[in-house]
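Quick caveat, the model's predicted, so the values are computed rather than measured.
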Amino acid sequence: MRKIGSGNDALSDDQLQALVNRARLPRHVAIIMDGNGRWAEMRGLPRIAGHREGIGSVRDAVTACRELGIYALTIYAFSMENWQRPPDEVNELMTLLEGYLQKEMATLMEHRIRFKTIGQVHRLPASVVHWIRAAESATLANDKMVLTIALSYGGRAEIVEAILKLYDDLQKGLFKRESVNETLVGQYLNTADLPDPDLMIRTSGENRISNFLLWQMAYTELYFTPTLWPDFRRRDFLEALINYQQRERRFGLVKEQIQPRSGVRQG
Ligand code: FPP
């Protein structure tokens with residue numbers, strides 16, 4: 001099945017990579033991996049075949065980030081709404097995730113990548129939680145990159161949890177009401193130790209953010225592509241980066257107020 005051309009089709013992989021400006025890399029890329037089911041259905045395969053193939057795209061995105069020096073990659077693997085999918089598909093996704101963790105642990109260690117999860121991870125099956133906790137603690141000191149997987153995640157639920165915790169701490173007298181500001185709220189989110197995403201990529205032609213990192217994406221550049229996630233490989237990721245680098249980020253300022261910096265300003 002042919003993919004829709006991007007205009008860079010004539011370039012070799014190396015030529016395409018040379019177009020990525022290393023001085024203007026995003027610090028944090030977030031991805032909504034969408035279209036696995038359609039990828040499989042188009043081939044007459046069960047939906048899980050699309051998820052399985054999608055792991056190759058996860059690997060490509062992680063590798064590209066690590067090689068280029070992009071500090072954080074956050075991928076949306078399972079939303080709170082995904083619990084409503086047929087139990088077989090949910091079980092198979094959990095098995096895939098567990099297998100991924102077991103298989104990739106050595107690579108994460110070798111490349112000093114910290115593994116982290118966000119979301120209501122305690123709702124996952126115990127064996128998956130076991131592997132997640134093992135990967136999180138084994139990779140805790142890895143300092144080259146952070147790979148975050150959003151699991152049983154919803155942006156609104158995350159904000160509600162943050163409000164409740166913040167309220168409790170306020171009641172305990174840990175800070176004054178006047179100290180509550182955007183920075184403090186950010187510290188109560190699952191992503192407290194990460195910069196906000198500079199770039200969010202969503203595959204499969206859907207132009208929504210679907211309850212993903214709602215607070216954190218206030219100034220994020222959004223990149224939507226019709227490519228289905230299993231087809232979204234290294235070249236597609238590089239194209240998204242190049243597209244991002246052609247944008248001017250203003251953060252509500254006028255053009256003249258934007259200082260040229262070595263990197264793109266953090267939103
Ligand atoms: C969306 O496609 C994809 C998902 C809900 C799951 C993504 C999971 C993986 C890529 C594999 C496991 C993850 C990791 C991190 C190892 P969809 O099923 O909604 O596709 P559709 O919209 O075409 O039906």
Side-chain angles (χ1 to χ4, degrees), residues 1-9 13 16 20 26 28-65 70 72-86 88-97 99-100 117-119 147-156 197-214 216-217 220-247:
M1 250 152 281
R2 239 189 85 68
K3 282 199 288 175
I4 295 161
S6 63
N8 290 319
D9 293 2
D13 289 9
L16 190 62
V20 176
H28 184 177
V29 177
I31 305 183
I32 301 181
M33 313 181 284
D34 200 5
N36 294 351
R38 274 164 284 167
W39 184 94
E41 279 155 22
M42 283 160 77
R43 288 163 176 77
L45 298 170
R47 292 174 57 80
I48 190 65
H51 298 312
R52 214 172 280 133
E53 190 68 20
I55 289 182
S57 304
V58 171
R59 199 169 288 128
D60 269 21
V62 175
T63 308
C65 286
I70 294 171
L73 174 68
T74 299
I75 56 177
Y76 205 178
F78 195 81
S79 70
M80 298 215 337
E81 292 72 29
N82 286 156
W83 286 116
Q84 290 155 33
R85 292 197 174 192
D88 278 357
E89 185 174 341
V90 172
N91 289 338
E92 284 169 328
L93 269 170
M94 295 300 149
T95 306
L96 268 189
L97 182 64
Y100 173 84
T117 52
I118 55 172
L147 168 64
T148 304
I149 305 197
L151 289 166
S152 189
Y153 175 85
R156 287 185 174 180
D198 301 296
L199 168 66
M200 193 284 287
I201 299 168
R202 182 173 188 154
T203 56
S204 93
E206 309 292 348
N207 300 332
R208 295 185 291 275
I209 57 173
S210 297
N211 206 11
F212 189 39
L213 301 175
L214 294 181
Q216 299 87 338
M217 292 215 285
T220 300
E221 294 292 332
L222 307 179
Y223 178 84
F224 298 105
T225 169
T227 303
L228 303 176
W229 178 249
D231 289 328
F232 191 87
R233 294 299 164 120
R234 185 185 178 88
R235 287 183 68 92
D236 306 273
F237 188 79
L238 297 178
E239 279 171 6
L241 290 180
I242 294 163
N243 179 290
Y244 161 81
Q245 293 182 332
Q246 288 160 352
R247 302 181 189 190

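Under the 4.5 Å side-chain criterion, counting only non-hydrogen atoms from C-beta, D236 is not in contact with D231. Between M200 and F224 the shortest side-chain heavy-atom distance falls below 4.5 Å.
Residues that satisfy the salt bridge (charged side-chain N to carboxylate O under 4.0 Å, His left out) test with E92, not counting sequence neighbours, are absent from this structure. In terms of the side chain to side chain contact (heavy atoms under 4.5 Å, CB included) criterion, residue partners of I118 (sequence neighbours excluded) are, by chain and number, T74, K116, T148, A150, Y153, N190, T191, L213. For F237, there are no ring-ring contact (aromatic ring centres under 6.0 Å, His included) partners, not counting sequence neighbours. Among residues two or more places apart in sequence or in another chain, the side chain to side chain donor-acceptor pair (under 3.5 Å) test is passed with D13 by R235. Residues satisfying the salt bridge (charged side-chain N to carboxylate O under 4.0 Å, His left out) criterion with R47, sequence neighbours excluded, are E41, E89. In terms of the salt bridge (charged side-chain N to carboxylate O under 4.0 Å, His left out) criterion, residue partners of E206 (sequence neighbours excluded) are, by chain and number, R38, R208. Contacts of Y223 classified as ring-ring contact (aromatic ring centres under 6.0 Å, His included), with partners at least two apart in sequence or in another chain: none. By the side chain to side chain donor-acceptor pair (under 3.5 Å) test, S210 pairs with R202, sequence neighbours left out. In this structure N82 satisfies the side chain to side chain contact (heavy atoms under 4.5 Å, CB included) test together with F78, S79, R85, sequence neighbours excluded. With sequence neighbours excluded, the residues satisfying side chain to side chain donor-acceptor pair (under 3.5 Å) with N243 are R247.
For the pair L238 and V20, the tightest heavy-atom approach, listed with the atom from each and the gap, is CD2-CG2, 4.0 Å. Nearest approach of L228 to S204, heavy atoms of both residues: CD2-CB, 3.7 Å. Considering every non-hydrogen atom in both P26 and L241, the closest pair reads CG-CD2, 3.7 Å. Taking every heavy atom of both residues into account, L73 and H28 meet most closely at N-CD2, 4.3 Å. Minimum interatomic distance between I201 and A240 (heavy atoms only, all atoms of both residues): CD1-CB, 3.7 Å. The two residues W39 and A49 come nearest to each other via the heavy atoms CZ3-O, 4.0 Å.
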Before you tell me yes or no, could you show the steps for N211 and M80 under side-chain contact (heavy atoms from CB on, under 4.5 Å), namely the whole-Å CA-CA distance, both residues' side-chain angles and the distance that decides it to 0.1 Å? CA-CA 9 Å; N211 206 11; M80 298 215 337; 5.9 Å; no
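Once rounded to the nearest 0.5 Å, the distance linking CG of L199 with CD1 of I31 reads 8.0 Å. Atom CD of E221 sits about 12.0 Å away from atom CD of Q245, to the nearest 0.5 Å. Note that the OH atom of Y76 and the CD1 atom of I149 stand 13.5 Å from one another [nearest 0.5 Å]. Between the OG1 atom in T225 and the CG atom in N207 there is a gap of 10.0 Å [rounded to 0.5 Å]. In this structure, the separation between CD1 on I48 and CG on L93 is 5.0 Å, given to the nearest 0.5 Å.
Judged purely by atom type and a 3.5 angstrom limit, T203 uses its side chain to pair as donor or acceptor with the backbone of D34.
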Mind listing the side-chain donor-acceptor pairs of residues 53-61 below 3.5 Å, one per line with the distance, residues two or more places apart or on another chain?
residue: E53; atom: OE2; partner: R233; partner atom: NH2; Å: 3.3
residue: S57; atom: OG; partner: W229; partner atom: O; Å: 2.8
residue: S57; atom: OG; partner: P230; partner atom: O; Å: 3.2
residue: S57; atom: OG; partner: F232; partner atom: O; Å: 3.3
residue: S57; atom: OG; partner: R233; partner atom: NE; Å: 3.0
residue: R59; atom: NE; partner: E104; partner atom: OE2; Å: 2.9
residue: R59; atom: NH2; partner: E104; partner atom: OE2; Å: 2.7
residue: D60; atom: OD2; partner: R234; partner atom: N; Å: 2.9

